[in-house]
Amino acid sequence: MRVTLKRWLASGLAGLALAAVGSASAQGAFPDKPIVLVVPFAAGGPTDVVARMIAIPMGRALGQSVLVENTVGAGGTIASQRVARAAPNGHTIYIHHMGMATAPALYKKLSFDPLKDFEYIGQVVDVPMTMLARKDFPANNLQELLAYIKANKDKVTLANAGLGAVSHLCGLLFQTQIEVDLNTIPYKGTGPAMNDLLGGQVDLLCDQTTQTVPMIKEGRVKVYGVTSLKRLAALPNVPTLDEQGLKGFEVKVWHGMYAPKGTPQPVIEKINGALRAAMQDPQVKQRLAELSSDVPPLDKITPEGLRTHLEAEIKKWGPVIRKAGIYAD
Ligand code: ASP
């Protein structure tokens, strides 16, 4: 009996010790396989460009590859739903732009809640936009564009990446300011929209500088203005839309990194450390500067920084969108 009890105690203690080692290594081992970074728009577009730029240094910091997955459709909401339902173990993370804040007002039925279904890792990057046309479009500057649109408004087509995409919001702002409704063509991201602009199948596109600066510099598209209130260092000869008379025209696209709700805090901290390392990587910083995109201050690349910003943006956009009466069923 004594022996049995001793054995039982010994095996129990060994079991406890093993369990302790097991849980320590489960936490300590993260990540023990590649991490999937979900992008809500098509490959080759601006969000994808940012994701692929930071995936490599993040992977270096985490000691595992960070693989980009494009889950496209419905202005980014299909990807948000996919991530909200993924296993909360740190192996699925998500980058999305301000569409995360506009979705609750734009979509009547949303199968996820940006404030309840995610953990927050940090803000990523702030990117201005540019208003572009296909290279052989007849108008050579904004004044000519406005005149052309007035005379041909039924013919002109404007691409976007779906309801809630920033290309959609920028296009709406543009149409509201010039008081004209254009024919809009939705794509699954502005990567494919840009391909059609280059191919001449669509006329106009408002898109982030993370994709457009090289196209503008190589003269592959026409540019009418930037959506920042000041000219951009990377495009000093391109006027702002504001300075050309579209007063107050400003769109700056902020991005955030998320994980499914319930992802353990030590794992979130580890991913946050990798994100911060990526945002301070000299090559990333240089490339973002070439694309006139800003790295947020370090206190914003935090879970609290992102959560606070997201809450404020949901409050800001909700009434604007509801007033405009734009939504999807
Ligand atoms: N420009 C974004 C992208 O394709 C989509 C959007 O317009 O929000 O990455």
Side-chain angles (χ1 to χ4, degrees), residues 37-55 68-83 94-107 114 123-133 157-175 182 184-199 201-216 221 223 226-228 249-258 287-288 291-293 310 313 317 320-321 326 328:
L37 172 57
V38 177
V39 170
F41 298 104
T47 315
D48 184 73
V49 166
V50 173
R52 287 174 201 275
M53 201 187 298
I54 61 175
V68 172
E69 173 198 292
N70 302 87
T71 300
V72 302
T77 55
I78 291 177
S80 301
Q81 176 183 313
R82 139 125 176 69
V83 176
Y94 186 35
I95 182 169
H96 195 2
H97 59 42
M98 57 202 266
M100 194 70 150
T102 55
L106 284 171
Y107 286 82
Q123 284 190 47
V124 183
V125 68
D126 297 322
V127 187
M129 302 186 83
T130 46
M131 182 55 85
L132 309 175
T157 51
L158 170 65
N160 69 38
L163 195 70
V166 286
S167 43
H168 172 242
L169 293 173
C170 177
L172 276 179
L173 200 59
F174 183 71
Q175 293 172 86
L182 297 170
T184 50
I185 319 262
Y187 289 81
K188 299 214 179 295
T190 48
M194 178 61 85
N195 286 341
D196 270 11
L197 197 76
L198 295 175
Q201 285 90 359
V202 70
D203 297 325
L204 304 176
L205 170 67
C206 182
D207 202 18
Q208 290 107 299
T209 55
T210 30
Q211 167 159 255
T212 65
V213 165
M215 308 287 171
I216 295 168
V221 292
V223 58
V226 296
T227 69
S228 47
F249 199 112
E250 188 183 17
V251 187
K252 193 147 203 195
V253 185
W254 61 269
H255 296 71
M257 188 171 281
Y258 307 83
R287 188 69 193 126
L288 287 174
L291 300 171
S292 275
S293 301
L310 178 66
E313 286 279 295
W317 284 101
V320 178
I321 291 167
I326 342 146

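Atoms within a ligand are numbered from 1 in the order they appear, just like the ligands themselves. We number each residue from 1, following the sequence as shown.
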(request) Can you see which heavy atom on Q211 is nearest to which on G45, and at what distance? (result) OE1-CA, 3.7 Å
(request) Heavy atoms only: give me the nearest A101-W254 pair and the separation to one decimal. (result) CB-CZ2, 4.0 Å
(message) List ligand 1 atoms under 4.0 Å from S167, heavy atoms only on the residue side.
(response) 6 (C), 7 (O), 8 (O)
(request) Please tell me if the side chains of P40 and S80 come closer than 4.5 Å, counting only heavy atoms from C-beta onward. (result) no
(request) State whether the shortest distance between N or O atoms of H168 and N or O atoms of ligand 1 falls below 3.5 angstrom. (result) no
(request) To the nearest 0.5 Å, tell me how far L205 CG sits from D196 CG. (result) 10.0 Å
(message) Give me the nearest non-hydrogen protein atom to atom 9 (O) of ligand 1 as residue plus atom name, then the distance to 0.1 Å.
(response) T47 OG1, 2.7 Å
(message) Could you check whether any side-chain heavy atom of F41 comes within less than 4.5 Å of a side-chain heavy atom of H96, counting everything from C-beta outward?
(response) yes
(request) If you have a sec, work out which protein heavy atom is nearest atom 4 (O) of ligand 1 and how many Å separate them, to one decimal? (result) T190 N, 2.7 Å
(message) Main chain of V39, side chain of N70: is a donor-acceptor contact present, judged purely on distance under 3.5 Å?
(response) no
(request) Look at atom 8 (O) of ligand 1 and say which protein heavy atom is nearest, naming residue and atom and giving the distance to 0.1 Å. (result) H97 NE2, 2.6 Å
(request) List every atom of ligand 1 that sits less than 4.0 Å from any heavy atom of A161, numbering the atoms from 1 in the order shown and giving each element. (result) 5 (C), 6 (C), 7 (O)
(message) Under 4.0 Å from a heavy atom of D207: which atoms of ligand 1 are those, numbered in the order shown and with their elements?
(response) 1 (N)
(message) Tell me whether T227 contacts the main-chain N or O of P128 through its side chain, where contact means a donor paired with an acceptor under 3.5 Å.
(response) no
(message) Using a 4.0 Å cut-off to any heavy atom of F41, which atoms of ligand 1 qualify?
(response) 3 (C), 4 (O), 5 (C), 8 (O), 9 (O)
(message) Closer than 4.0 Å to some heavy atom of A165 - which atoms of ligand 1 meet that?
(response) 6 (C), 7 (O), 8 (O)
(request) Specify side chain, backbone, both or neither for Q211, according to which of its non-hydrogen atoms lie closer than 4.0 Å to ligand 1. (result) neither
(request) Kindly give the heavy-atom pair with the smallest separation between T77 and A103, and that separation in Å. (result) CG2-CB, 4.0 Å
(request) Output the list of atoms in ligand 1 that are nearer than 4.0 Å to some heavy atom of G189, sorted by atom number. (result) 4 (O)
(request) Please check if any side-chain donor atom of S292 sits under 3.5 Å from a side-chain acceptor atom of T209, or the reverse. (result) no
(request) Would you please determine whether G99 falls within less than 4.0 Å of ligand 1 on a heavy-atom basis? (result) no
(message) Evaluate V166 for polar contact with ligand 1, using N/O atom pairs at a separation under 3.5 Å.
(response) yes
